[in-house]
**Q** 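Structure in C-alpha cells, see below.
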Amino acid sequence: MPDTLRHILASESALTSITVRGWVRTRRDSKACSFIEITDGSCFKGLQIVVDAILPCSSLMPSILTGASIEVDGDLIPSPAAGQKWELQAKEVRLLGEADATYPLQKKGHTPEFLRTIAHLRPRTNLFSNVFRARSRMSFAIHRFFQEKGFFNVHTPVITSSDCEGAGELFRVTTLKQGSNAKPEDDFFGRPTYLTVSGQLQGETFACALGNIYTFGPTFRAENSNTARHAAEFWMIEPEMAFYDLDADMTLAEENVRYLAAAMIQECPEELEFFSKFVDKNLVSRLQQTIDQPFQRISYTDAVDLLLKSGRQFEHAVVWGEGLQTEHERYIAEEHVKGPVTIFNYPKGIKPFYMRQNDDGKTVAAMDLLVPGIGEIIGGSQREERLDVLTAAMQHHGLSEADYQWYVDLRRYGSVPHAGYGMGFERLLMFVTGVSNIRDVIPFARTPGHAPY
RNA sequence: UCCUGAGUAGCUCAGCGGUAGAGCGGGUGGCUGUUAACCACUAGGUCGUAGGUUCGAACCCUACCUCAGGAGCCA
C-alpha cells in the first residue's frame with residue numbers, strides 16, 4: 001500500500017529509497033536544482049522535493065506545474081534550509097498526470113465564492129482540504145459520542161410518505177411523467193412520497209423499542225432559503241431517548257456540543273491552527289469557552305422579558321407568543337450570555353404537534369440551543385406521549401390521524417415519556433471551524449437553483 | 001421570496017463619459033538552497049446579457065441573469 005505524507009512527515013529518522021505521490025502545489029527552479037512541493041491530502045503539510053539539475057528527470061520540470069500529479073523515488077533527509085524538517089532528495093521523478101496552464105488553482109489566495117464554482121477541485125486547496133478532513137473526524141466523533149453512551153444508530157428512510165410537520169417544504173419523489181394525469185395511486189409507491197425532512201418520527205418508533213437511538217443522515221428541504229446557513233440537502237444528527245424529559249434532553253444536547261468542541265481541539269490540531277489563523281481568530285477561545293463554561297438556560301418567557309428590558313431597539317417587535325427573530329437570538333447568545341445558551345418552553349402556537357404540552361396550557365417542552373455567530377444549532381423537545389393530548393393536537397393542526405396511525409400507535413401501546421433533538425451537522429461544522437457559509441462545509445452544496453454536480 | 005451591493009484578462013482587483021490597466025498565474029531570458037522566491041521582456045479582454053441615452057458608454061438609464069451580504073423560514 002502506498003505510504004501517505006502524513007506518515008512520512010511524522011518520521012523520527014531519515015528514510016532511504018522511499019516513494020511518494022501527490023499533487024504539485026508549487027515549483028521553484030534554481031541553477032543547481034528544482035524545489036517541488038507536493039501534498040497528498042493526508043495532512044495539511046506538504047513535502048518539499050529537491051531535484052538536482054544533473055538528474056535526467058530534471059528535463060520533466062517544465063511540465064511539472066501546479067496541479068500536476070507526480071510520483072517520486074528518493075531519500076527522506078533532514079532539510080538543510082529553514083521552513084521544513086524533512087525534504088525528499090529525488091532520484092527519479094515520474095509525471096503521472098499533467099496539469100496545464102488552465103488549471104484554475106494558482107499559487108495564491110482564492111475567494112471561497114470562486115472556489116464554489118469549481119467544487120470538484122476545491123478539496124485540493126488549503127482551506128477545503130482542512131474543512132473536509134475536519135468534517136470526517138467530526139462525523140466519527142459524533143458516532144463515538146453516542147456509541148460510548150450505548151446509543152444505537154438507526155438508519156431511517158430517505159424516502160418517506162410522512163411530513164414531519166412544520167419542518168418545511170418537501171421534495172416530491174415520483175416516477176410519474178411530468179404533466180401526466182396519473183393519480184398518486186399509480187405512482188411507484190402507490191402514494192405520494194417525498195425526500196425526508198427529518199428522521200424523527202421513525203426515530204421515535206425505535207426509541208420506543210431500543211431505548212436510546214440516534215440517526216445521522218441526509219435530510220432535504222425544498223425551501224427557497226438563500227442564506228449562509230441553509231442548504232436544500234444537509235446532514236442531521238437526531239438522537240431520540242426513551243424515558244428522557246426535557247431537562248435530560250437539554251443536558252444531553254449540551255454535553256454533545258461540548259464533546260464535539262473538545263474533539264475538534266484534540267483531533268484536528270493542524271486544521272484548527274489553520275482555521276484560527278486564516279478563518280476565525282477567535283475560534284480557539286470560543287471552543288475553549290464552550291468546553292469550560294456551563295451552558296446557560298433561559299425559558300422563552302424569561303428571554304422575552306430580558307429582550308423587552310434590554311433597552312434595545314429591535315427591527316422586529318418582541319411579542320410573547322411569536323418566534324424569536326434572528327436579531328433576538330443573536331442578542332441573547334452574543335451580547336447577553338456571550339456563549340451557548342438553550343431557550344426552552346416555547347409557546348405551543350409556534351411549535352409542531354408532537355411537542356409535549358406543559359401544565360401551563362400555553363407552552364410546550366421545546367428547546368433550541370443557540371451558539372454565538374450561527375444561532376440555532378440544535379432544536380429539540382420532549383415528545384407528547386399522552387394519547388388523548390396528542391390526537392387533540394393533531395386535530396388542532398389539521399392532521400389526519402389515519403396518516404399517522406403508526407405514530408399514534410406508539411402512544412396506544414406502552415407509551416413512555418421520551419425526548420430528542422436534531423443537530424445540523426453543517427451548522428456544527430461552521431461552529432467548530434469558523435467557516436461562515438454552509439456551502440463551504442459540505443462537499444457539494446445544494447441550494448435553490450444550484451445542483452451542478 | 002424581499003432588501004442592499006457587486007459582475008472588467010485564467011484569478012484578485014483598479015479604471016466610473018474620450019485609445020482597456022496592475023499584481024498573480026502562463027511563455028521567454030536572467031539570477032538564486034528556494035519557501036505563495038526574485039529581476040526583465042512577452043502573450044492574454046465583444047468590460048455579465050439584451051436594449052436605450054450620447055458625437056462617443058466598461059462608466060449614465062431600463063430589463064434580465066449570476067454571485068455576495070442581510071431578512072424571512074429553519075437545522
**Q** With distance as the sole criterion, do the side chain of Glu87(A) and the base of rG33(B) form a donor-acceptor contact below 3.5 Å?
**A** yes

**Q** Report yes if a donor N or O on one partner sits less than 3.5 Å from an acceptor N or O on the other, where the partners are the side chain of Ser225(A) and the base of rC73(B); otherwise report no.
**A** yes

**Q** Within this structure, what is the CZ-to-P distance between Arg221(A) and rC74(B), rounded to whole angstrom?
**A** 10 Å

**Q** Assuming nearest nucleotide by heavy-atom distance, tell me which of Ile378(A) and Pro104(A) is located more 5' along RNA chain B.
**A** Pro104(A)

**Q** Without decimals, in angstroms, what is the distance between Asn256(A) CG and rA75(B) C1'?
**A** 13 Å

**Q** How many Å lie between CD1 on Ile118(A) and P on rC67(B), as a whole number?
**A** 16 Å

**Q** Examine the base of rU32(B) for any acceptor or donor lying under 3.5 Å from a partner atom in the side chain of Asp29(A), and report the outcome as yes or no.
**A** no

**Q** Distance check, C1' atoms only: rC64(B) and rA6(B), in whole angstrom units.
**A** 16 Å

**Q** Sticking with atom C1', work out how far rG21(B) lies from rG29(B), rounded to a whole angstrom.
**A** 25 Å

**Q** Determine the interatomic distance between P on rC47(B) and the same-named atom on rC11(B); round to the nearest Å.
**A** 15 Å

**Q** Measure from the side-chain heavy atoms of Ala228(A) and tell me the nearest of rG33(B), rG70(B), rC31(B).
**A** rG70(B)

**Q** Does rG33(B) have Phe35(A) stacked on its base, where the ring centres are within less than 5.5 Å and the planes differ by under 30°?
**A** no

**Q** Does Thr326(A) have a side-chain nitrogen or oxygen under 4.0 Å from the phosphate oxygens OP1 or OP2 of rG72(B)?
**A** yes

**Q** On the side chain of Gln106(A), is there an atom forming a donor-acceptor pair with the base of rG10(B) - under 3.5 Å, no angle test?
**A** yes

**Q** Between Phe171(A) and Phe220(A), what is the ring plane arrangement, given parallel below 30°, perpendicular above 60°, and tilted in between?
**A** perpendicular

**Q** Assess whether one donor atom and one acceptor atom, taken from the side chain of His110(A) and the base of rC11(B), lie less than 3.5 Å apart.
**A** no

**Q** Checking contacts here: which listed nucleotide (rC11(B), rC67(B), rU32(B)) is nearest the side-chain heavy atoms of His450(A)?
**A** rC67(B)

**Q** Arg427(A) side chain N/O closer than 4.0 Å to the phosphate oxygens (OP1, OP2) of rA75(B)?
**A** no

**Q** Assign the ring pair His328(A) / Phe314(A) to parallel, tilted or perpendicular, where the plane angle (0 to 90°) is split at 30° and 60°.
**A** perpendicular

**Q** To the side chain of Ile438(A), which of rC11(B), rU35(B), rA75(B) is closest?
**A** rA75(B)

**Q** When you measure from the side chain of His230(A), which nucleotide among rA37(B), rG69(B), rA75(B) comes out closest?
**A** rA75(B)

**Q** Looking at rA37(B), I'd like to know if its phosphate oxygens (OP1 or OP2) sit under 4.0 Å from a side-chain N or O belonging to Lys107(A).
**A** yes

**Q** Ignoring the backbone of Thr111(A), work out which of rU12(B), rC67(B), rU35(B) is nearest its side chain.
**A** rU12(B)

**Q** Would you say the side chain of Gln84(A) and the base of rU35(B) hold a donor-acceptor pair, judged only by whether the two atoms sit under 3.5 Å apart?
**A** yes

**Q** Whole-Å distance between rU66(B) C1' and Glu113(A) CD?
**A** 13 Å

**Q** Between rU1(B), rG27(B), rU35(B), which one does the side chain of Asn224(A) approach most closely?
**A** rU1(B)

**Q** Quick one: look up who rC73(B) pairs with, Watson-Crick or G-U, both distances under 3.5 Å, and put none if it's unpaired.
**A** none

**Q** Please state the P separation for the pair rC65(B) and rG23(B) - nearest whole angstrom.
**A** 38 Å

**Q** Side chain of Thr26(A) only, please: which of rA37(B), rC67(B), rU32(B) is the nearest?
**A** rA37(B)

**Q** If only side-chain N and O atoms of Gln325(A) are considered, is one of them under 4.0 Å from the OP1 or OP2 phosphate oxygen of rG72(B)?
**A** yes

**Q** In this structure, how many angstroms lie between the C1' atom of rC73(B) and the NE2 atom of His316(A), rounded?
**A** 12 Å

**Q** Parallel, tilted or perpendicular for Tyr421(A) and Phe146(A), by the 30°/60° rule?
**A** tilted

**Q** Under a 3.5 Å cut-off for both contacts, is rC55(B) paired Watson-Crick or G-U wobble with anything, and if yes, with which nucleotide?
**A** rG18(B)

**Q** For nucleotides rG45(B) and rU34(B), find the distance between their P atoms and express it as a whole number of Å.
**A** 37 Å

**Q** Heavy atoms from C-beta onward define the side chain here; which of rC73(B), rA68(B), rU32(B) lies closest to that of Arg116(A)?
**A** rA68(B)

